[in-house]
Amino acid sequence: MSMSPSARQRVCVLGATGSIGTSTLDVLSRHPDRYEVVALSAYGRVTELLAQCLQWKPRFAVLPDAAGAKTLQDALRSAGSRTEVLQGPAALSEVASHADVDVVMAAIVGAAGLEPCLAAARAGKRLLLANKEAIVVGGALFMDAVREGGATLLPIDSEHSAIFQCLPEDRSTWAQRIDHIVLTASGGPFRDRDPSTLAAVTPDEACAHPNWVMGRKISVDSATMMNKALEVIEARWLFNLSPDQIRVVVHPQSIIHSMVVCRDNSVLAQLGTPDMRVPIAYGLSFPERIESGASMLDFTTLSALTFRPADAERYPGLQLAWQTLRGPEGSTAILNAANEVAVAAFLAGTIRFDGIHNVNARCLDAVTPHADACRSVEGLLALDAEARRAASAIVEKLSP
């Protein structure tokens, strides 16, 4: 349904100071007649959030801790701002489901995004999902909340947005059309490096992504290709596919963002420059299209578009996606929790790069999800906590 030119959509940006959040605000700045910012949240970048609040004048700002919230509130009051600063996880759900919010950009990293995403879904919001972990952890519970709340769920990951853009608006026809989908992967910074040398890589090397500008956690996930494992799981839920209908191919140029292989073997692909503002703009304006700020793709400058298999020796964690999808319900939540602990340990210098996969695989063996764990938020969070404890114990054993 097209938006009335006189009606501005009210937007809540969760994770406003991260790369997706700042890109979202950049797109919004190009369309002041269409959008207004109602709420912004950040994890710890108080100075950056203060600048955003002074620019955008949101009704609410959210920080996780009381000290940061007080610092921000005092600074805003000194500047004459009327923005109200809220604090804690419950505040994220409060602003995500607020009656004065139409659109929620979910750009919080990790499982912390589950509860506000569920709140937005249950409140029937247009939910722009950049937090893949919410659906990886939430699974059926999350998709039920979207359906029952009447929310509009739009994927923001470039790969899932590409698949979505290749499919008709009528979702009831998707099953008849799709044979399988192909998620493309850049291959990360080590796509051409000898796999035998990967154990020695440093956090800075792992975060030096060749194509995309991202946060450190997501950059490490790209280097291990755990981001693609999580995207495989996300695609299973977003498009109601079986694990066998999801494939991955390394495409170093990051021009083709993903593909749909139809039942007649025709292939639909979405192409563009590697710029997250494109899927963000599409999510904000769907089914319309608005200017994103991204540069136009110039085919005359493309020397080649190449593809190759995802090397199992280089990216052992990728196969865990299909293993967990075929395993007991809740296995994907265990994998996500273990990976968050493992990546944090690697970034802190506690374990080696190859220890990330070791932690993930061993945690899946150590934790068995209970049948009812995935029936409630409380059950999922308890499973998440159990997996984190197990992963932390494994990290301790691996630490030098």
Side-chain angles (χ1 to χ4, degrees), residues 1-43 45 47-63 72 76 79 81-86 92 95-109 113 116-117 120 123-131 151-158 160-161 164-165 212-215 272-296:
M1 180 171 63
S2 298
M3 184 181 69
S4 166
S6 62
R8 291 204 299 168
Q9 294 284 287
R10 299 163 297 180
V11 183
C12 165
V13 183
L14 303 178
T17 61
S19 60
I20 297 295
T22 55
S23 293
T24 300
L25 293 174
D26 180 84
V27 174
L28 294 175
S29 71
R30 299 169 189 277
H31 306 278
D33 57 324
R34 295 180 64 108
Y35 306 102
E36 64 176 303
V37 175
V38 173
L40 298 172
S41 86
Y43 182 71
R45 297 175 180 173
T47 301
E48 290 91 333
L49 186 58
L50 171 61
Q52 290 178 342
C53 288
L54 293 176
Q55 177 183 355
W56 290 96
K57 301 176 175 59
R59 181 174 171 185
F60 303 107
V62 183
L63 282 166
L72 179 61
L76 287 170
S81 170
R82 296 184 178 181
T83 296
E84 179 184 357
V85 181
L86 307 176
L92 293 173
V95 297
S97 58
H98 199 282
D100 290 340
V101 168
D102 302 305
V103 181
V104 176
M105 166 56 77
I108 297 174
V109 176
C117 284
K125 306 301 183 184
R126 172 178 287 228
L127 179 55
L128 311 186
L129 191 67
N131 173 271
T152 300
L153 180 63
L154 297 168
I156 299 302
D157 274 345
S158 60
H160 301 96
S161 177
F164 185 76
Q165 292 181 57
W212 299 92
V213 177
M214 304 181 293
T273 54
D275 191 321
M276 286 305 299
R277 290 177 296 179
V278 174
I280 289 168
Y282 187 66
L284 285 166
S285 63
F286 174 80
E288 302 175 27
R289 289 185 184 266
I290 58 175
E291 195 261 325
S292 67
S295 60
M296 187 177 295

Residues in side chain to side chain donor-acceptor pair (under 3.5 Å) contact with [X], at least two apart in sequence or another chain:
X	result
E36	none
S292	none
T83	S81

**Study point:** Residues which pass side chain to side chain contact (heavy atoms under 4.5 Å, CB included) with Q55, listed by chain and number, not counting sequence neighbours
**Key:**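 By the side chain to side chain contact (heavy atoms under 4.5 Å, CB included) rule, Q55 matches no residue at all.
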Heavy atoms only: give me the nearest [X]-[Y] pair and the separation to one decimal.
X	Y	value
R8	Y35	NH1-O, 3.4 Å
A294	V278	CB-CG2, 3.5 Å
V101	K125	O-NZ, 2.7 Å
A106	L127	CB-CD1, 4.0 Å
P116	L14	CB-CD1, 3.8 Å
Y282	Q165	CE2-CG, 3.4 Å

With rounding to the nearest 0.5 angstrom, report the [atom1] to [atom2] distance, [X] to [Y].
X	Y	atom1	atom2	value
S41	I108	OG	CD1	4.5 Å
T17	I20	OG1	CD1	12.5 Å
L50	C53	CG	SG	7.0 Å
T24	R277	OG1	CZ	11.0 Å
S161	M276	OG	CE	7.5 Å

Point to revise | Among V38, V104, L25, T22, side chain to side chain contact (heavy atoms under 4.5 Å, CB included) partner for V13 | key: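 Per the side chain to side chain contact (heavy atoms under 4.5 Å, CB included) rule, the option paired with V13 is L25, out of V38, V104, L25, T22.
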Review point. Checking side chain to side chain contact (heavy atoms under 4.5 Å, CB included) against F164, which of L154, I156, L153 comes through?
Key: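 Per the side chain to side chain contact (heavy atoms under 4.5 Å, CB included) rule, the option paired with F164 is L154, out of L154, I156, L153.
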Check your understanding: For F60, which residues count as a ring pair (Phe, Tyr, Trp, His ring centres under 6.0 Å) partner, sequence neighbours excluded?
Key ->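 Per chain and number, F60 pairs via ring pair (Phe, Tyr, Trp, His ring centres under 6.0 Å) with H98.
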Within the 4.5 Å heavy-atom criterion, are [X] and [Y] side-chain neighbours or not?
X	Y	answer
L86	L92	no
R34	S285	yes
W56	L28	yes
D275	S295	no
V95	R59	no
L284	L128	yes

Exercise for review: Before giving the answer on side-chain contact (heavy atoms from CB on, under 4.5 Å), spell out for L76 and L54 the whole-Å C-alpha distance, their side-chain angles and the decisive distance to 0.1 Å.
Suggested key: CA-CA 8 Å; L76 287 170; L54 293 176; 4.0 Å; yes
Review point. Could you give all pairs that pass the salt bridge (Lys or Arg N to Asp or Glu O under 4.0 Å) test and reach residues 13-23, with sequence neighbours left out?
Key: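 Every pair satisfying salt bridge (Lys or Arg N to Asp or Glu O under 4.0 Å) with a residue in residues 13-23: there are none.
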Review point. Can you list the residues that meet the salt bridge (Lys or Arg N to Asp or Glu O under 4.0 Å) rule with E291, with sequence neighbours excluded?
Key: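 If we apply the salt bridge (Lys or Arg N to Asp or Glu O under 4.0 Å) test to E291, skipping adjacent residues, the hits are R30.
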Check your understanding: Residues two or more places apart in sequence or in another chain: which of them pass salt bridge (Lys or Arg N to Asp or Glu O under 4.0 Å) with R10?
Key ->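 Per chain and number, R10 pairs via salt bridge (Lys or Arg N to Asp or Glu O under 4.0 Å) with D100, D102.
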Review point. If we ignore angles and hydrogens, is there a donor and acceptor under 3.5 Å between the side chains of R45 and Q52?
Key: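 Absent: no donor and acceptor within the cut-off.
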